[in-house]
Amino acid sequence: MTGPDAVFPRADALAKAVGAERYSADVTPPGCLWAGVRRAGVAHALITGLDVAAARATPGVVAVLTRRDVPGTNRQGIVHKDQPVLCGERVRHRGDPVALVLAESREALALALSRIDAAFSPLPGVFEPAAALDRDAPYVHPEHPDGNLLAYGLVEKGDAPTALADCAVTVSGEYHTPMQDHVFLELPNGTARLTPAGVLDMVVSTQAPFRDRFEIAHALGLNPWTIRVRAPYLGGGFGGKDGATVQCLLALAALNAGGRWVKMVWDREETFLAGYKRHAAVMRVTLGADADGTLRALTGSLLFDAGPYAHLSGEIMALALEHAGGPYRIPHTRLEGSCAYTNNPVGGAFRGFGVLQSSFAIERLMDALATRLGRDPAGLRLQNALGRGEPNAIGVTPEPGAGAAECLTAVLAHPAWTERAAWKRQAPPFTRRGVGVTCMQNAMGYGRGLPDAAAAKLELTKQGTFRIYNSVPDMGQGNASAFVTMAAQALHQSPEAFALIQPDTRHCLPAGSSSASRTTFTFGNALLGACRAMEAKLRARAALALLCDDPARLILSPGLVTDPATGAAVPLARLGALLPRDDRLCVDQFVMAVVENPPDTGRQFKLGFPHRFYSHGACLCAVEVDELTGRVRLGRCVVSVACGRVLSLEGVTQQVQGAAAQGIGLALFEDPALENGCMGAGDLSRYLIPTALDLPDIDCLIVADDEPTGPLGLRGMGEVGIHGPGPAIAQALFDAAGLHVTRLPVTPEDLLSALGGPE
Amino acid sequence: MSATIRLQLTLNGVATSLDVRPGRRAIDVLRDDLGLTAAKESCGSGECGACSILVNGEVRLSCLMLAAQLDGKDVVTAEGLGTAAAPHPVQAAFAAHGAVQCGYCTPGMTVAAVDLLARQPDPDREQVRRALSGNLCRCTGYGKIVDAVLAAAKTMAEEKS
């Protein structure tokens, strides 16, 4: 493992470390205009008046735009187009935009926004998804045929109700996971202008530049081919920049800026208010087993709070159902899912994409079953872990690979587990310690119904170096660097011989979004195809120069193509200088394989169901509870992962540690304090993400694995690590303090009441 | 609004004169006017540390300062610590130890780490964590950042001896 890392450190690290990398937010063209929006500030209301005269009259203001100024459908959304660019009649959550201002300076913009006089007639709101589905609940979209039911799905296998009735033991629970904010550090932002040639030229912090064109074009009535989107390195995304943030508003501003550059940056409070969130979920589930612990049946329902707009709620809920059985062998399942429209913040994609929610439920049920049977939670999981070639909870047999059992076994061999008894005995006064271990799984790719595709372009430059035209944004996960590593290995060149062009819809070839643990797998495979074409080309062209009648025997080495028969060599720089540009380009494409014979279930899901490839893991959390304050300190965290072959140990470790940190944040710190559609924790002084003092060093264990269809044998793993900490901390808190955790985040009050502490 | 004041400061080692409107923040002048974009804005309220700069050798949050407060000061941004060709040992260690993912917090982190190592050249892990606790990172879980700062401390001690 140390070999590859020693040779290939992350190519982007140093430029970022010295502050030289230019993110979207760092682009501020001289003399650019500043754009911003006035947000509703009320959760559900009719707009009865919008007086923008004072804002328009503010010195430095160039334009104030309202719904009437929006061409096109005024509807944005990735699949389901139900979110207005600017609201004209009704607002459906506090972050809805009602007016857009363009100004000469930030200061003029802020002043003008404060002078917009919006009048609202409040409507009754719905803030609980269960209440939203009541027949007499106020409707968020009165025209929606199913009322507040945005999406429904059912997955089943076998006959779960009958099997459950026959089980020797059943356990049930209602589990809650919270809304979560991404808190990417680079705020949503972009810069745009309308060029004299009529091209809308945009630089945006986005996970999906190619799809953005269509979303903007649909919303604003434009030709998508006149929109150019560039996506520099992102300062974090985690799903929150998958789908329009600033895009449509910024494009609208640019259309009204007389050809000048316009910049839009949401501030942090605005991002809490208007940005997408992980869906809060309520899961009522029942698990049945034989007396010896063999799982028999799982039933239940999952309810997701979609907020007022669809985003990918249905697709997220589908993935939750697909993962609801965990990485366990359960012959009979029946699970329903619903997404409810509410007037809460907008639910959307977030690392773990529904899987985090249902993982918490099944892992909590496994613990409840272990308690009921007097079993060790780890042993019960090993007994029921899904093996290679066995169908999962929805009847799909995933591609074979190392699974939950191997991952759990790795964690159980770690000293944090084997020496846990001694560690617990050494707890300081007024402190209780406990340890928990749970399993994780996460599918890779979009799933059936839409191609998980990428096209890659590779250029030999005139100087004999190479240029990779990356099509999938790097939001920090390191795919760009991985592409350099892959191409360098494939073409037997030094990584320094490669420059990487970041996604630009003008110069790069189309690819799907940076999401779904798919980025490195899908584009990587396309790029390796382009590398094979390049290698064949370089051999064939070098054969001409070397008078070699057998190009296959030529050997690529750094900067050279050599004929081993004669010892003669031609430098790549010479080939680059000789070849015309068309002949210096190689392209290829890749589409991820899907489940070939999908089970006849989940019929409601047209897109993104089911999945063929899974990565696995296991997680240990060791907690320390202060008996006097109820405060929980995470003492140790160990995460194992099986994700095919490891191209970069550093890269895998980074993803595992970062994902675990976000899972820990959700479990212990990040309380949105949502009330009547308003996030009580609407800034970073109240919404607390873990600091350097809140997290232990996180150990990462790699489980030997291989994915034969993956680029250099790897499988996607950017998400899987987020699922472990929530349930592992919950199990550890039961071990430490007898607390039955059913709801995250866990609060000190929960602990104090479990400990029977001070009233 | 149009009246400006003149500031004289040393910016990344260079004597600099700036004319700015009095209400403007230090971070906006650095980023928008001077193109020094290493310092990032992520919260605008002093919670995240991404905008950290050194003022007279001590770490300060440029989103909470008016540009006028830089008058007469010695100001160093992450650009002034080093470059890709000649990185500061802290910057080199961040790159070498996997402490950089999205990298948006990194310039602020390195500035805070340089401030720490000036005061405490041989910190332990806990001291590093404490010193960086005002700088949020959402990507790494902090472990590799702590590794990097400790490695930089070692390198800097060796360079001194």
Side-chain angles (χ1 to χ4, degrees), chain A residues 5 9-10 12-23 25-26 28 59-60 106-107 182-187 233-238 265 267-269 474-478 637 650-651 653-655 657-662 664-665 683-685 689-698, chain B residues 1 21 23-24 28 31-32 35-48 50 77-79 81-84 87-88 90-96 98-107 110 125-126 128-146:
Chain A
D5 279 307
R10 263 182 82 146
D12 55 338
L14 190 58
K16 288 175 173 177
V18 301
E21 188 61 54
R22 291 277 168 149
Y23 300 79
D26 298 332
T28 308
R106 292 168 185 264
E107 293 82 1
H182 306 80
V183 195
F184 34 67
L185 285 203
E186 185 192 14
L187 294 159
Y233 281 106
L234 281 74
F238 316 116
V265 187
D267 69 24
R268 180 58 66 185
E269 288 75 12
D474 188 331
M475 48 181 160
Q477 74 267 50
C637 182
E650 177 186 285
T653 308
Q654 286 178 332
Q655 287 298 294
Q657 292 176 338
Q662 289 178 347
I664 294 163
D683 61 39
L684 286 175
S685 69
I689 67 168
T691 72
L693 287 172
D694 299 317
L695 298 174
D697 288 323
I698 298 166
Chain B
M1 286 224 1
R21 292 199 307 274
R24 296 190 68 214
D28 295 332
R31 287 176 55 83
D32 299 350
L36 293 171
T37 56
K40 311 295 187 191
E41 179 168 3
S42 182
C43 70
S45 58
E47 300 290 342
C48 78
T77 67
E79 288 99 336
L81 295 178
T83 62
H88 186 281
V90 168
Q91 295 171 325
F94 268 64
V100 181
Q101 291 191 31
C102 91
Y104 212 72
C105 73
T106 309
T110 58
R125 286 189 88 79
E126 189 59 25
V128 173
R129 286 184 175 278
R130 195 158 293 284
L132 299 184
S133 63
N135 293 71
L136 296 176
C137 169
R138 191 57 155 168
C139 292
T140 65
Y142 302 103
K144 289 182 187 295
I145 290 175
V146 180

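These numbers were taken from a predicted model, which means no experiment stands behind them. All heavy atoms count here, side chains included; hydrogens, waters and symmetry mates do not. In what follows, chains are A, B, ... by sequence order, proteins preceding strands, each numbered from 1.
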Proximity breakdown for B:N135 and chain A, heavy-atom pairs closer than 4.5 Å: neither
cation_pi(A:K16, A:Y233) dist<6.0 Å, angle<=45: yes
Selection from A:G19, A:A17, A:G235, A:A661 maximising heavy-atom pairs under 4.5 Å formed with chain B: A:A17
Under 4.5 Å from any heavy atom of chain B - which part of A:E186: both
For chain A, the option from B:C43, B:A99, B:C48 that forms the most heavy-atom pairs under 4.5 Å: B:C43
Any donor-acceptor N/O pair, A:Y23 side chain to B:C102 backbone, under 3.5 Å: yes
Heavy-atom closest pair, residues A:P690 and B:Y142: O-OH, 2.7 Å
Region of A:P696 in contact with chain B, defined by heavy-atom distances below 4.5 Å: backbone
Taking every non-hydrogen atom, the tightest pair across B:R129 and A:L695: NH1-O, 3.1 Å
Most contacts with chain B, counted as non-hydrogen pairs under 4.5 angstrom, among A:D474, A:D697, A:D267: A:D697
Structural part of B:L81 lying under 4.5 Å from a heavy atom of chain A: neither
A:D683 side, atom CG; A:R268 side, atom CZ - distance, nearest 0.5 Å: 10.0 Å
Least distance between heavy atoms, A:D26 atom then A:R22 atom: O-NH1, 3.6 Å
Donor-acceptor under 3.5 Å (A:Q657 side chain, A:I698 main chain): yes
Among the listed options B:A39, B:C139, B:G46, B:A78, the residue most often paired with chain A at heavy-atom distances under 4.5 Å: B:C139
Closest non-hydrogen atom pair between B:Y104 and A:A25, with its separation: OH-CB, 3.3 Å
When B:A84, B:A38, B:G143, B:P107 are compared by non-hydrogen pairs under 4.5 Å with chain A, the top option: B:A84
Proximal component of A:L684, with respect to chain B [non-hydrogen, under 4.5 Å]: both
Side chain, backbone, both or neither of B:A131 within contact of chain A (heavy atoms, under 4.5 Å): neither
Among the listed options A:H182, A:Q655, A:R106, the residue most often paired with chain B at heavy-atom distances under 4.5 Å: A:R106
Max heavy-atom pair count under 4.5 Å with chain A, selected residue of B:E41, B:E79, B:H88, B:R125: B:R125
B:T106 OG1 to A:L185 CG distance, which is reported to the nearest 0.5 Å: 9.0 Å
Which of A:Q662, A:E21, A:M475 touches chain B most, by non-hydrogen pairs under 4.5 Å: A:Q662
Residue, of B:V146, B:L132, B:T83, that accumulates the most heavy atom pairs under 4.5 Å with chain A: B:T83
B:R130 atom CZ, over 12 foreign heavy atoms within 6.0 Å: no
When A:D694, A:L693, A:T28 are compared by non-hydrogen pairs under 4.5 Å with chain B, the top option: A:L693
Most contacts with chain A, counted as non-hydrogen pairs under 4.5 angstrom, among B:E126, B:E47, B:Q101: B:Q101
Portion of B:Q91 that has a non-hydrogen atom of chain A nearer than 4.5 angstrom: both
Closest contact, heavy atoms only, B:T140 versus B:C137: OG1-SG, 3.1 Å
